[in-house]
Trainee: 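First the structure, which I've put down as structure tokens, then a few questions once you've had a look.
Starting from 1, each residue takes its place in the sequence as its number.
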Amino acid sequence: MGSLRRGLINIRRFLTSSNSTASPLPRYSLSSPFSSLPADPFSLHIDLSDEESKRRLFNRLIYRSKQRGLLELDLVLGKWVEDNIHSLDESRVRALVHMLDSENPDLWKWLSGQEKPPESVSSNPVFAAVHERVMKNLENHSAPETRATPGQPWVRGWDDIKKGRDGPIAGNQ
């Protein structure tokens with residue numbers, strides 16, 4: 001135990017020493033070095049006057065909306081952004097960036113009506129337009145008995161039918 005303590009003390013001394021010219025630990029930031037979009041979407045400088053910068057920004061936003069990692073969101077957001085990005089003004093582009101900064105599970109639950117979105121999200125005009133399109137598609141293309149009631153999750157277990165005496169106690173057993 002004593003050798004472990006001495007080792008930790010030595011590591012701490014090494015890490016906090018001011019004699020070293022190079023920093024022993026890499027500095028990490030919350031924003032990706034590969035992203036040109038800042039962490040705060042409202043501090044984003046949007047220049048829509050120059051065609052080249054406009055094209056680059058639109059391509060980045062289309063990529064961000066199509067490559068989220070959740071297939072449902074990739075399809076819904078990617079299609080909506082592709083169809084509407086060229087008609088968005090600067091404030092709506094900022095609203096789109098703000099919406100794209102949301103976490104995938106939360107954003108999908110809000111868009112599909114499984115959960116009520118917070119006020120900051122529901123007042124977003126881009127979110128409202130995408131939400132309206134998702135709900136319209138649900139009304140037109142899915143039977144009401146296949147959808148969850150508003151405010152309830154869609155995910156159900158494969159054995160939900162077995163609720164009788166021989167059914168599982170909890171979960172998908």
Side-chain angles (χ1 to χ4, degrees), residues 14-144 146-148 150-155:
F14 174 74
L15 294 177
T16 58
S17 70
S18 60
N19 296 339
S20 64
T21 58
S23 175
L25 293 176
R27 301 271 185 230
Y28 295 106
S29 65
L30 295 177
S31 64
S32 169
F34 304 108
S35 173
S36 63
L37 298 174
D40 181 16
F42 296 105
S43 69
L44 177 67
H45 175 70
I46 297 176
D47 181 21
L48 299 179
S49 61
D50 179 24
E51 286 300 316
E52 180 62 23
S53 62
K54 184 177 179 180
R55 182 190 64 79
R56 290 177 66 200
L57 177 65
F58 286 179
N59 285 342
R60 284 189 189 110
L61 292 175
I62 289 171
Y63 181 82
R64 281 186 69 192
S65 64
K66 284 185 161 187
Q67 303 292 325
R68 295 190 60 89
L70 188 63
L71 179 62
E72 294 86 351
L73 277 177
D74 294 346
L75 297 173
V76 169
L77 286 178
K79 180 70 175 146
W80 189 91
V81 171
E82 264 187 341
D83 292 346
N84 297 294
I85 195 159
H86 295 288
S87 64
L88 299 178
D89 61 351
E90 186 176 338
S91 65
R92 302 240 180 206
V93 170
R94 287 182 198 279
L96 173 63
V97 170
H98 183 64
M99 185 182 73
L100 290 176
D101 287 340
S102 301
E103 294 291 327
N104 285 344
D106 295 333
L107 186 58
W108 178 246
K109 288 177 184 176
W110 299 332
L111 285 173
S112 61
Q114 297 176 44
E115 288 183 4
K116 186 173 175 21
E119 182 60 34
S120 62
V121 175
S122 61
S123 63
N124 185 327
V126 174
F127 174 82
V130 176
H131 177 70
E132 179 184 333
R133 183 170 182 174
V134 168
M135 296 312 287
K136 186 174 120 187
N137 284 341
L138 283 175
E139 289 296 322
N140 292 337
H141 301 293
S142 67
T146 62
R147 289 179 283 173
Q152 297 296 316
W154 285 355
V155 179

Trainee: Any chance CZ of Arg133 has more than 12 other-residue heavy atoms, nucleotides or ligands included, within less than 6.0 Å?
Mentor: yes

Trainee: So, using side-chain contact (heavy atoms from CB on, under 4.5 Å) as the criterion, who are the partners of Glu119 when residues are at least two apart?
Mentor: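 Residues passing side-chain contact (heavy atoms from CB on, under 4.5 Å) with Glu119: Ser122, Ser123.
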
Trainee: Would you indicate whether the side-chain heavy atoms of Val97 and Arg64 approach each other to under 4.5 Å?
Mentor: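 When only atoms from C-beta onward are counted, Val97 and Arg64 do touch, with a gap below 4.5 Å.
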
Trainee: Look up atom CG in Leu61 and atom CE in Met99, then write down how far apart they are to the nearest 0.5 Å.
Mentor: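 Reported to 0.5 Å precision, the distance equals 10.0 Å.
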
Trainee: Hey, could you give me the NZ/CG distance between Lys54 and Leu57, rounded to the nearest 0.5 Å?
Mentor: 10.0 Å

Trainee: Work out which heavy atom in Pro125 is nearest to a heavy atom in Arg92; give both atom names and the distance.
Mentor: CB-NH1, 2.9 Å

Trainee: Which residues pass the side-chain contact (heavy atoms from CB on, under 4.5 Å) test with Pro118, sequence neighbours left out?
Mentor: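 By the side-chain contact (heavy atoms from CB on, under 4.5 Å) rule, Pro118 matches Trp110, Ser120, Val121.
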
Trainee: To the nearest 0.5 Å, tell me how far Glu115 CD sits from Lys109 NZ.
Mentor: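 One gets 5.0 Å once the value is rounded to the nearest 0.5 Å.
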
Trainee: Work out which heavy atom in Leu138 is nearest to a heavy atom in Ser112; give both atom names and the distance.
Mentor: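 Heavy atoms only, the tightest pair is CD1-O, 4.2 Å.
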
Trainee: Can you measure from CZ (Arg60) to CZ (Arg56) and round to the nearest 0.5 angstrom?
Mentor: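 Between Arg60 CZ and Arg56 CZ, I get 4.5 Å after rounding to 0.5 Å.
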
Trainee: List the residues meeting side-chain contact (heavy atoms from CB on, under 4.5 Å) with Asn140, not counting sequence neighbours, and say none if there are none.
Mentor: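 Testing Asn140 for side-chain contact (heavy atoms from CB on, under 4.5 Å), a comparison that skips the adjacent residues, returns Lys136.
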
Trainee: To the closest 0.5 Å, what do you measure between CG (Asn124) and OG (Ser102)?
Mentor: 8.0 Å

Trainee: Considering residues at least two apart in sequence or located in another chain, which fulfil the salt bridge (Lys or Arg N to Asp or Glu O under 4.0 Å) criterion with Glu51?
Mentor: none

Trainee: Return the set of residues passing salt bridge (Lys or Arg N to Asp or Glu O under 4.0 Å) with Lys66 (not counting sequence neighbours), or none when no residue passes.
Mentor: Glu82

Trainee: Let me have the donor-acceptor pairs involving side chains of residues 70-80, under 3.5 Å, with sequence neighbours excluded, atom names and distances please.
Mentor:
from: Asp74; atom 1: OD1; to: Arg68; atom 2: N; distance (Å): 2.8
from: Asp74; atom 1: OD1; to: Gly69; atom 2: N; distance (Å): 3.3
from: Lys79; atom 1: NZ; to: Asp83; atom 2: OD1; distance (Å): 3.4

Trainee: Report the residues that fulfil salt bridge (Lys or Arg N to Asp or Glu O under 4.0 Å) with Glu52, sequence neighbours left out, ordered by chain and then residue number.
Mentor: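 With sequence neighbours excluded, Glu52 shows a salt bridge (Lys or Arg N to Asp or Glu O under 4.0 Å) to Arg55, given in chain and number order.
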
Trainee: Quick one: does Phe127's side chain get under 4.5 Å of Leu96's, heavy atoms only?
Mentor: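 No - every pair of side-chain heavy atoms lies 4.5 Å or more apart.
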
Trainee: Please list, chain by chain and in numerical order, all residues satisfying ring-ring contact (aromatic ring centres under 6.0 Å, His included) with His86, sequence neighbours excluded.
Mentor: Phe58

